[in-house]
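Chain letters run A, B, ... following the sequence lines, proteins first and then strands; every chain starts at 1.
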Amino acid sequence: MALKYKRIKGTRDILPAESEVREQLWQKARKILLRYGYGFITTPTFEATELFVRSVGEATDIVEKEMYTFTDRGGRSLTLRPEGTAGVVRAYLENHMIPPVKLAYYENVFRAERPQKGRLREFWQIGVEFIGAGDPLADAETIELGLTLLKEFGFKELKLELNSIGTVEDRQRYRNVLIEYLEKRKDELCEDCQRRLYRNPLRVLDCKIDGPKLKDAPNIMDYLSEDSKRHFEKVLEYLELWGIDYEINNRLVRGLDYYTHTVFEFKTAGLGAQNTVLAGGRYDGLVEELGGPPTPAVGFALGVERVIIALNLDAQPPKPEYFIVTHGDEARKFAVELIRQLRAEGISVDMSHNPKSMKAQMKLANRTGARYTIIIGEDELSSQKVKIRDMESGEEKLLSVGELLKLG
RNA sequence: GUGAGCGUAGCUCAACUGGUCAGAGCACCAGACUGUGGAUCUGGGGGUUGGGGGUUCGAGUCCCCUCGCUCACCCCA
């Protein structure tokens, strides 16, 4: 194959059939989001680099090595958004929105990772941000909304894992204790974890190699403040009230620094190593971090491609209702006018734009999947009728243009 | 960034230990059917076997480099 231009690694072409799948997912999501009081927002694809460094966190992998950052012609450092929350919070502040406010989006995000199953460099997320609500009910509702969306998409087997990482202070306290604990076992840790020990000690517990060995590691629950604990318990109470199954995973950590208190992930089979389809949590410090007043918030994002892969979704590309086949120059001219009228009436109809044999036109008609073929030739012109052929049954009947238009 | 596997027509794949091995099916186009698709038959276009170098009388087939794809690690949706 000697193609001159190819897709950039980790990007995809979304063809007509998959476009239908995505549209269906988004329509389902929209319907439910409206039910929960969400409005929709679209923010720019790129923002000032500093916005993401500030919100996602300087020391996170996303910021350190996964951002598509470039300098524009004015010498400003810009970045293709690696996630959706930062831009939405920025827009919330910039547009002086009044809390509480619920904002949902469907947008592409970019991360320069090595692609693999369920992981792309450009991928799409459906996300929600509930800004200005600090009550545990908001956490619980957000989780319940995520579950509702996934069920609506068709998921049957889902595992909800959740944890609380408390406030920034709680986490700092826990971090210190954990580092102390890990330092004593430094020699037993794998290479990666020795490196992670000071940078991201919470991650060590999640390590596939070392995690299981550290059964007696300090538990974050023991280091949460009373308020934090109570908040988390309230969240669990609501989930139980609604009969939502969950599993507490005290080693669940998120890769973005802005999270506080509740963090959660929905996992599923069929995704290879990337088994999380939806993840999120509370981020009470972010609005303030970005220059606003102290404002609690909670949200999540789900990976559209992961949903499609996990559920093995597909759909038919759109088909026209009619396809016009002509014989002779006069008939073609007649068809050109007819097709315009039909389309003006809202009917989907197409024809061959290159003059071809009737056989070739019929083949094209067949391939487009049209329900009916409209055949126009000398006979039809002289009788002022067109022949409608049912492509399924092969039945044909003559109709006047007026009758055809009425039929729709 | 690290590791493993794979790269032959648009697609799915053949070609024994290096020797008519550059093929098949599907798809596409045309004809059989000078006004009719999806079936059948016939024919046609399309590949510098990802690219470069090497070994050899001779290389998709062996060696090296390179590019690309896939999966996994890391991390994440």
Quickly work out the [X] [atom1] to [N] [atom2] distance and round it to whole Å.
X	N	atom1	atom2	answer
A:L15	B:G10	CG	P	17 Å
A:K6	B:U70	NZ	C1'	13 Å
A:K267	B:C75	NZ	P	13 Å

Could you check whether [X] pairs with [Y] (Lys NZ or Arg NE/NH1/NH2 to Asp/Glu carboxylate O, under 4.0 Å)?
X	Y	result
A:R22	A:E305	yes
A:K184	A:E180	no
A:E403	A:K406	no

Subject >> Pairwise side chain to side chain donor-acceptor pair (under 3.5 Å) hits with a residue in residues 309-333 of chain A, at least two apart >> reply: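 Qualifying pairs: A:H327-A:E378.
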Interface residues of [range] with RNA chain B (non-hydrogen, below 4.0 angstrom):
range	value
residues 109-129 of chain A	A:R111, A:E113, A:R114, A:Q116, A:K117, A:G118, A:R119, A:L120, A:F123, A:Q125
residues 273-284 of chain A	A:A273, A:Q274, A:T276, A:V277, A:L278, A:A279
residues 60-70 of chain A	A:D61, A:E66
residues 301-317 of chain A	A:A301, A:G303, A:R306

Considering only atom [atom1], compute the distance from [N] to [M] and round it to an integer number of Å.
N	M	atom1	answer
B:C6	B:C13	C1'	14 Å
B:U8	B:A4	C1'	23 Å
B:G25	B:U20	C1'	23 Å
B:G60	B:A22	P	10 Å
B:G35	B:C28	P	23 Å
B:G68	B:U49	C1'	16 Å
B:U61	B:G18	P	12 Å
B:G47	B:G23	C1'	11 Å

**OP:** Would you please name every residue forming a salt bridge (charged side-chain N to carboxylate O under 4.0 Å, His left out) with A:R90, sequence neighbours left out?
**Re:** A:E47, A:E94
Original post:
For A:K102, which residues count as a salt bridge (charged side-chain N to carboxylate O under 4.0 Å, His left out) partner, sequence neighbours excluded?
Top reply: A:E141
Subject >> Pairs involving residues 264-275 of chain A, ordered by first then second residue, that meet salt bridge (charged side-chain N to carboxylate O under 4.0 Å, His left out) (sequence neighbours left out) >> reply: A:E161-A:K267, A:R254-A:E265, A:E265-A:K267
Original post:
Quick one: salt bridge (charged side-chain N to carboxylate O under 4.0 Å, His left out) pairs with a partner in residues 349-370 of chain A, sequence neighbours left out?
Top reply: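 Pairs touching residues 349-370 of chain A that pass the test: A:R343-A:D350.
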Original post:
If you count the non-hydrogen atoms of other residues, nucleotides and ligands that lie under 6.0 Å from CZ in A:R171, is the total more than 12?
Top reply: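 Yes, enclosed.
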Subject >> Residue-phosphate contact under 4.0 Å: A:R7 side-chain N/O, B:C69 OP1/OP2 >> reply: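 So the side-chain polar atoms of A:R7 never come under 4.0 Å of the phosphate oxygens OP1 or OP2 of B:C69.
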**OP:** Using Watson-Crick or G-U wobble pairs with both distances under 3.5 Å, give me RNA chain B in dot-bracket, 5' to 3', with [ ] for crossers and | for pairs to another strand.
**Re:** (((((((..((((.....[...)))).(((((.......))))).....(((((..]....))))))))))))....
**OP:** Please report the C-alpha distance between A:H261 and A:T167 in whole Å, then the side-chain angles of each, then the deciding distance to 0.1 Å, and finally whether the side chain to side chain contact (heavy atoms under 4.5 Å, CB included) criterion is met.
**Re:** CA-CA 6 Å; A:H261 296 288; A:T167 61; 3.6 Å; yes
Subject >> Chi-angle category of B:G38 [syn within 90° of 0, anti beyond] >> reply: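 What B:G38 shows is an anti base, its glycosidic angle lying more than 90° from 0.
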Check whether the side chains of [X] and [Y] place a donor and an acceptor atom closer than 3.5 Å, and report yes or no.
X	Y	answer
A:T148	A:E152	no
A:Y36	A:E144	yes
A:D216	A:Y181	yes

Subject >> Side chain proximity check, A:M97 to A:L103, heavy atoms < 4.5 angstrom >> reply: yes
Original post:
Do A:T45 and A:F110 touch side chain to side chain, with heavy atoms closer than 4.5 Å?
Top reply: yes
Original post:
Between OG of A:S352 and CE of A:M362, what distance do you get to the nearest 0.5 Å?
Top reply: 12.5 Å
Original post:
Along nucleotides 26-39 of chain B, 5' to 3', which nucleotides get a B, which get an S, and which get a -, given that the test is a protein heavy-atom distance under 4.0 Å?
Top reply: --SSS----BBBB-
Original post:
Angle class for the A:Y283/A:Y259 ring planes (parallel below 30°, perpendicular above 60°, tilted otherwise)?
Top reply: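 The arrangement is perpendicular - the two ring planes meet at more than 60°.
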Subject >> Sequence-distant partners of A:F40, ring-ring contact (aromatic ring centres under 6.0 Å, His included), two or more places apart >> reply: A:W26
Subject >> Sole residue of A:Y38, A:F123, A:W124 in ring-ring contact (aromatic ring centres under 6.0 Å, His included) with A:Y106 >> reply: A:W124
